[in-house]
Amino acid sequence: MNTLGYLERLKRNDQCSQVWWDSSPAVYLPYKHHLLEKYPAAATYIERLMPNDFSKPWGLCSVTTNPRLVTAVILEKREYWSSRFNLASLSPDELRKQLYNEVIIEGAASLQPRWVQSAQAEGWISAQVDPVDVRCAERMTARGLELQRLAPNVMVKVPGSLEGMATVEQLVAQGASVNITFCFTVAQFQAGIQAIERGLATARSNGVDTAHCNHVITFMIGRFACQPEFTLQAAERGLALSAEELRWAELMIYEQIQALVTASTVPVKTLLSSIKVDVDERGNKHCWHLEKTGQTATCYTLTPRHRGVSGRA
């Protein structure tokens with residue numbers, strides 16, 4: 001079988017493109033086994049994309065998580081995680097934080113060999129600040145620094161809100177790697193790049209080493225066209241957009257984002273999440289988010305979906 005797999009074809013366009021696991025590393029191997037059982041004819045491609053662990057220099061190379069995904073992992077193996085703590089000595093908030101930290105630490109350890117082998121270019125795990133703090137830069141920064149200290153290959157995940165951009169600037173200034181998430185617009189990408197740029201300038205002036213930091217901005221590509229406000233704005237202009245036109249709108253944003261990233265002087269990549277598969281009138285499946293992107297350096301999050309296991313950036 002000489003047909004190239006997806007990752008090989010992606011790398012032919014740009015060697016800097018990557019594919020990430022969009023869930024906890026704890027569910028990675030079980031999901032691979034599920035795929036092998038369900039699609040035995042595709043075993044060669046599955047093995048190429050998903051080696052048994054993240055240490056191999058091919059396949060999925062980094063991980064993005066969020067609090068919901070971490071909680072699902074904890075609830076699935078309650079005894080395993082709770083056995084690590086003296087539950088009587090911790091308040092509910094302290095226990096929640098400790099459990100979250102433990103999942104991130106374990107995940108970071110599974111990725112660290114890849115992180116070392118790649119000279120810190122790969123092998124990252126995104127750990128998100130608490131979503132309830134989305135409007136408080138001070139709390140997000142404090143929590144982000146805590147997460148950063150859990151392991152050297154932790155990338156702090158921060159929402160692309162106004163307060164989030166202030167948080168990004170402060171974290172980058174202190175040598176943290178960041179993932180700016182929940183971004184839908186070109187303006188958010190521009191603000192994110194500028195926040196990283198300001199943070200790096202402060203880091204340089206303070207003698208903070210950022211040589212091996214890694215920064216990505218997440219475009220929720222599959223969630224843009226389904227926003228009610230987008231449909232409303234189109235209707236106000238007398239436009240009734242087809243399913244294809246909605247996908248083209250998302251792709252046009254991607255192209256504008258890539259132009260910004262390419263022109264930027266700061267080290268940042270686009271990370272595509274919420275990738276959608278469409279079914280046409282003949283019942284054929286296609287995924288424009290994969291098929292019509294990737295000519296320039298792009299990172300993708302691939303999401304497991306079975307037996308209650310799911311992932312979203």
Side-chain angles (χ1 to χ4, degrees), residues 6-7 9-11 13-14 16-23 49 60-66 68-69 124 126 128 131 155 157-161 164-165 168 178-193 196 214-234 239 241-264 268-280 284-305 310-313:
Y6 174 72
L7 186 56
R9 284 182 284 156
L10 181 65
K11 292 286 190 181
N13 291 334
D14 195 305
C16 292
S17 291
Q18 300 174 351
V19 182
W20 292 25
W21 178 243
D22 191 2
S23 192
L49 186 63
L60 281 73
C61 67
S62 290
V63 167
T64 182
T65 68
N66 61 39
R68 184 181 62 80
L69 294 174
W124 293 91
S126 285
Q128 188 170 334
M155 176 182 286
K157 194 172 184 181
V158 181
S161 61
M165 297 304 177
V168 165
V178 297
N179 174 358
I180 307 175
T181 190
F182 217 63
C183 294
F184 298 88
T185 67
V186 178
Q188 279 179 292
F189 262 72
Q190 187 171 40
I193 291 171
I196 293 170
N214 203 321
H215 310 300
V216 300
I217 305 179
T218 300
F219 175 34
M220 320 290 284
I221 189 168
R223 296 198 204 178
F224 178 81
C226 64
Q227 295 301 310
E229 187 170 344
F230 183 62
T231 304
L232 177 62
Q233 290 178 4
L239 300 174
L241 301 176
S242 67
E244 284 194 356
E245 287 170 330
L246 292 172
R247 288 289 179 245
W248 277 120
E250 294 169 338
L251 291 169
M252 292 302 100
I253 295 172
Y254 164 79
E255 291 295 337
Q256 292 297 311
I257 283 168
Q258 288 299 81
L260 273 180
V261 170
T262 301
S264 172
V268 62
K269 288 182 182 178
T270 300
L271 179 65
L272 294 186
S273 73
S274 299
I275 292 168
K276 304 299 183 186
V277 176
D278 296 310
V279 181
D280 62 25
N284 298 317
K285 294 182 179 180
H286 58 84
C287 180
W288 282 14
H289 296 153
L290 296 179
E291 297 166 15
K292 298 184 183 296
T293 62
Q295 289 299 314
T296 52
T298 307
C299 301
Y300 299 82
T301 61
L302 295 189
T303 302
R305 295 209 182 276
S310 64
R312 292 181 183 174

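When reading the values below, keep in mind they use all heavy atoms of this one structure, side chains included, and skip hydrogens, waters and symmetry mates. Note that the structure is a prediction, hence the values are computed from the model and not measured.
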Exercise for the section: Quick one: list whatever passes side-chain hydrogen bond (donor to acceptor under 3.5 Å, both in side chains) with Thr270, sequence neighbours left out. Expected result: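 Result, side-chain hydrogen bond (donor to acceptor under 3.5 Å, both in side chains) vs Thr270: Gln258.
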Handout entry: Glu229: side-chain hydrogen bond (donor to acceptor under 3.5 Å, both in side chains) partners, not counting sequence neighbours
Key =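 Glu229 satisfies side-chain hydrogen bond (donor to acceptor under 3.5 Å, both in side chains) with Gln233 once adjacent residues are dropped.
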Practice task
Could you check whether the rings of Phe184 and Phe182 sit parallel, tilted or perpendicular, using 30° and 60° as the cut-offs?
Solution key: perpendicular
Practice task
Take the angle between the ring planes of Tyr300 and Tyr6 and call it parallel below 30°, perpendicular above 60°, tilted in between.
Solution key: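 It falls in the perpendicular class, over 60°.
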Quick one: pull up [atom1] in [X] and [atom2] in [Y] and give me the separation to the nearest 0.5 Å.
X      : Y      : atom1 : atom2 : result
Leu60  : Leu7   : CG    : CG    : 8.0 Å
Asn66  : Asn179 : CG    : CG    : 10.5 Å
Lys276 : Leu290 : NZ    : CG    : 12.5 Å
Cys183 : Leu271 : SG    : CG    : 10.5 Å
Gln190 : Thr185 : CD    : OG1   : 9.5 Å
Trp21  : Thr303 : CH2   : OG1   : 8.5 Å

Donor-acceptor contact present, side-chain [X] to main-chain [Y], <3.5 Å:
X      : Y      : value
Ser62  : Trp124 : yes
Gln188 : Gly160 : yes
Lys157 : Thr65  : yes

Partner residues of [X] under the side chain to side chain contact (heavy atoms under 4.5 Å, CB included) criterion, sequence neighbours left out:
X      : result
Ile193 : Ile217, Leu260, Val261, Ser264, Val266, Val268
Thr231 : none
Gln295 : Asn13

Tell me, do [X] and [Y] make a side-chain contact under 4.5 Å, heavy atoms counted?
X      : Y      : result
Phe224 : Ile253 : yes
Leu251 : Trp288 : yes
Val279 : Asn284 : no
Ile275 : Cys287 : yes
Leu302 : Leu49  : yes
Met165 : Ile180 : yes
Leu272 : Thr301 : no
Leu246 : Phe230 : yes

For a quick test of reading the model, state the closest non-hydrogen atom pair linking [X] to [Y] and the distance between them.
X      : Y      : value
Val63  : Ser23  : CG1-O, 3.1 Å
Asn214 : Met155 : O-CE, 3.4 Å
Val158 : Gly164 : CG1-O, 3.5 Å
Ser274 : Arg223 : OG-NE, 2.9 Å
Tyr254 : Gly294 : OH-N, 3.1 Å

Practice task
Take Thr296 and Asp14, measure what side-chain hydrogen bond (donor to acceptor under 3.5 Å, both in side chains) needs, and give me the verdict at the end.
Solution key: CA-CA 6 Å; Thr296 52; Asp14 195 305; over 6 Å; no
Exercise for the section: Scan side-chain atoms only and decide if Thr298 and Lys269 contain a donor-acceptor pair under the 3.5 Å cut-off. Expected result: no
Exercise for the section: Go through the side-chain N and O atoms of Ser273 and Asp22 and say whether any donor and acceptor fall under 3.5 Å apart. Expected result: no
Handout entry: Residue pairs, two or more places apart or on separate chains, that pass salt bridge (Lys or Arg N to Asp or Glu O under 4.0 Å) and touch residues 242-255
Key =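 Matches after skipping sequence neighbours: Arg247-Glu250, Arg247-Asp278.
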